[in-house]
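For reference, the structure discussed in these notes is given below.
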Amino acid sequence: MGKFYLTTPIYYPSDNLHIGHAYTTVVADALARYHRQIGDDTYFLTGADEHGQKIQRRAMAAGKSPQGFVDEIVAGIRELWSLLRISHNDFIRTTEERHARRVQAIFQHLYEQGDIYKSEYEGWYCTPCETFWLERQLVEGKCPDCGEEVEKIREESYFFRLSKYAGRLLEHIETHPEFIQPVSRKNEMVNNFLRPGLEDLCVSRTTFSWGISVPFDTKHVVYVWLDALTNYITALGYPDDPGLFQRYWPADLHLVGKEIVRFHTIIWPIILMALDLPLPRQVFGHGWLVLDGGKISKSKGNVIDPVVLVDKYGLDAVRYYLLREVPFGADGTYSEEALVLRINNDLANDLGNLLHRTVAMIEKFAGGAVPAPAGYEPLDEEVIREADLARQGLAEGLEKLEVSTALSSIFRLVEKTNKYIDTAAPWALNKEGRRERLATVLFTMAESLRITAVLLVPFLVETPQKIWNQLGLNGDPVALKPETGAVWGGFPGGTRVRKGRPLFPRIELKPAEAKGKEKERETAPQKPEITIEEFARLDLRVARVLKAERIKGTDKLLQLIVTLGGEERRLVAGIGQHYEPSSLVGREIVVAVNLKPAKIRGVLSQGMLLAASNGEELALVVPEKPVGEGAGVK
Ligand code: MSP
């Protein structure tokens, strides 16, 4: 147990934030939740970087005062973090008095110490990046970072002696391999910026006013990056209020996108050296989420709004996707189709189905009470081993910030347990009256899920409790540490399960989107022998479900309206305990269309849909890829 201080970049409130910003913040949130769970004294900071020329111009263009403009956007950012259940301890705004006052004290101190001096700046400025560039650094006359136009500026400025500290910084980087991660970013910083030599940095501007004024020369405003970077210590009270600062500084992790690693590993550590403060333990520069067509940007009009996604797919589904899809560090492509596949495969089919089967079988075969295990066989021990591996994979993965790897080790346990059920076949044990073996198998299923819930706590914010409730457990999985609470054998005896709604309803892909091959659970149908002529009498066709609803007064029966391509039919199907009606709409199913119509519960059923069942589980028989309604089935 120790302390853990982690930060996100403070975001520019120049526009509403998009999925890329949510990505950094959700990853940081998972790490914060994990460190709290393992008992670290954790402090998680995020905020808004509100000054600078870019924001001033955006506000003017919107016909608003800079303060009015940022206030509105920051309110939206706070709402977004609350929607995503971000568990930050503080949200710092650089327009707050507590911050401005402290930035002024820092600037004054560096000036008095001789590390800031007055001179004249002549060079280029990129407003979107708020960065100074030398003529020789430009690429075809444009900003080497973002490719936008730069402006020539010439003004009286204060300068910060970066050059004085370059040698010390290089030495620190070389002797602390964990300081800049991933290592490729370290090499880039050393080779492209530090080795060629650092120039002193311009740290004030006079040609616009939206910023913190230099205390002893008020026609200057403090350069926005100096203003912004110091948020990591001003939020802790530095220099005048030592409480939080002494407790949490130095930061354990600054999580940033790769494009701002340079500011965090060159300018920021040198500011800290000049202030005689310890450096952060690690700056991690992660990759970008990009879209098929390239960078996410307002000007391209391809911004993905996380609020819309949460609304459409649910909070934990969006969090899961962000944390799981891309190996953390690398660039990754965002696509809604990949998000839907993750939901359907990992969350609905694997995790949701595991919970559903487990609770249903405990109800059916054990009267709803989780039995005590009666000795383990090698098959069970494989699940126990996988649960240990999942716990270790979580700790090792998050220690190395391999967030996706950590999550996949948990989902390997889920997958293993599903396969275990197929092999252990509790329904057969029940039929054969093998009560002891059945007890062990049912316990193993429930215990695997209990452990899964504890291990998912850092990542998902609703699902662990939902699993907990359906398993009938008391208390809160959030309160359990993985090393003690996610250890095999902790399931309290005599617990009664409580069946609930499906964890993640399956999402139907439109045919054009349904490229990914869906996993289907194995079934073992046994059919009596028939002749080919007998088989040919059956008219089987593909139908698409247009409407589905429950038939009043029964759990089992659904009424479906399907189309066969031109012709609509009404079907009554006994699948109500296995499928939510809404999850069926739009799906292609297989229907016996020449079956003699029959009235069931007063509803005329004009055909029968095909489903596979092993006596316990039931799965619709569906074409493996979209073939269109009306297609024949042979
Ligand atoms: N205000 C500065 C940071 C100051 S920190 C002292 C800034 N703000 S920003 O609003 O532009 O946010 C940049 C950060 O948002 C990136 O570093 C990254 O963490 C996140 N992302 C923005 N777009 C992103 C993607 N498309 N993909 C991944 N992360 C993205 O820079």
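Indexing begins at 1, ligand by ligand and atom by atom, following the structure's order. Heavy atoms only: backbone and side chains are in, while hydrogens, waters and symmetry mates are out.
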Any donor-acceptor N/O pair, [X] side chain to [Y] backbone, under 3.5 Å:
X	Y	value
T42	D40	yes
R319	F459	yes
R342	Y321	no
D29	H88	no

Flag [X] as yes when one of its N or O atoms lies below 3.5 Å from any N or O atom of ligand 1, and as no otherwise.
X	answer
G257	yes
Y232	no
W288	no
I260	no
W225	no
L229	no
L289	yes

Protein residue, atom and distance nearest to [atom], heavy-atom basis:
atom	answer
atom 25 (C) of ligand 1	G20 CA, 3.5 Å
atom 3 (C) of ligand 1	I10 O, 3.2 Å
atom 16 (C) of ligand 1	E259 OE2, 3.0 Å
atom 12 (O) of ligand 1	Y11 CD2, 3.4 Å

Side chain, backbone, both or neither: the part of [X] lying under 4.0 Å from ligand 1 by heavy atom:
X	result
Y12	both
F263	neither
K295	neither
H264	side chain

Check your understanding: Touching ligand 1 at all, G287? Heavy atoms, strictly under 4.0 Å?
Key ->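 G287: in contact with ligand 1 (<4.0 Å).
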**Study point:** contact_flag H18 ligand 1 heavy-atom lt 4.0 Å
**Key:** yes
Side-chain ion pair, [X] and [Y], N-O less than 4.0 Å:
X	Y	result
E188	R195	no
D252	K3	yes
D331	K295	no
D350	R412	no
E130	K54	no

Review point. Can you tell which of T7, T24, D49 gets a heavy atom nearest to atom 1 (N) of ligand 1?
Key: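 Closest candidate by heavy-atom distance is D49.
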Taking the six-membered ring where the residue is Trp, are the ring centres of [X] and [Y] under 6.0 Å apart?
X	Y	answer
F216	Y111	yes
Y232	H254	yes
H286	Y23	yes
Y223	F107	no

Can you list the ligand 1 atoms lying under 4.0 Å from a non-hydrogen atom of [X]?
X	value
Y23	28 (C)
I296	26 (N)
A228	6 (C)

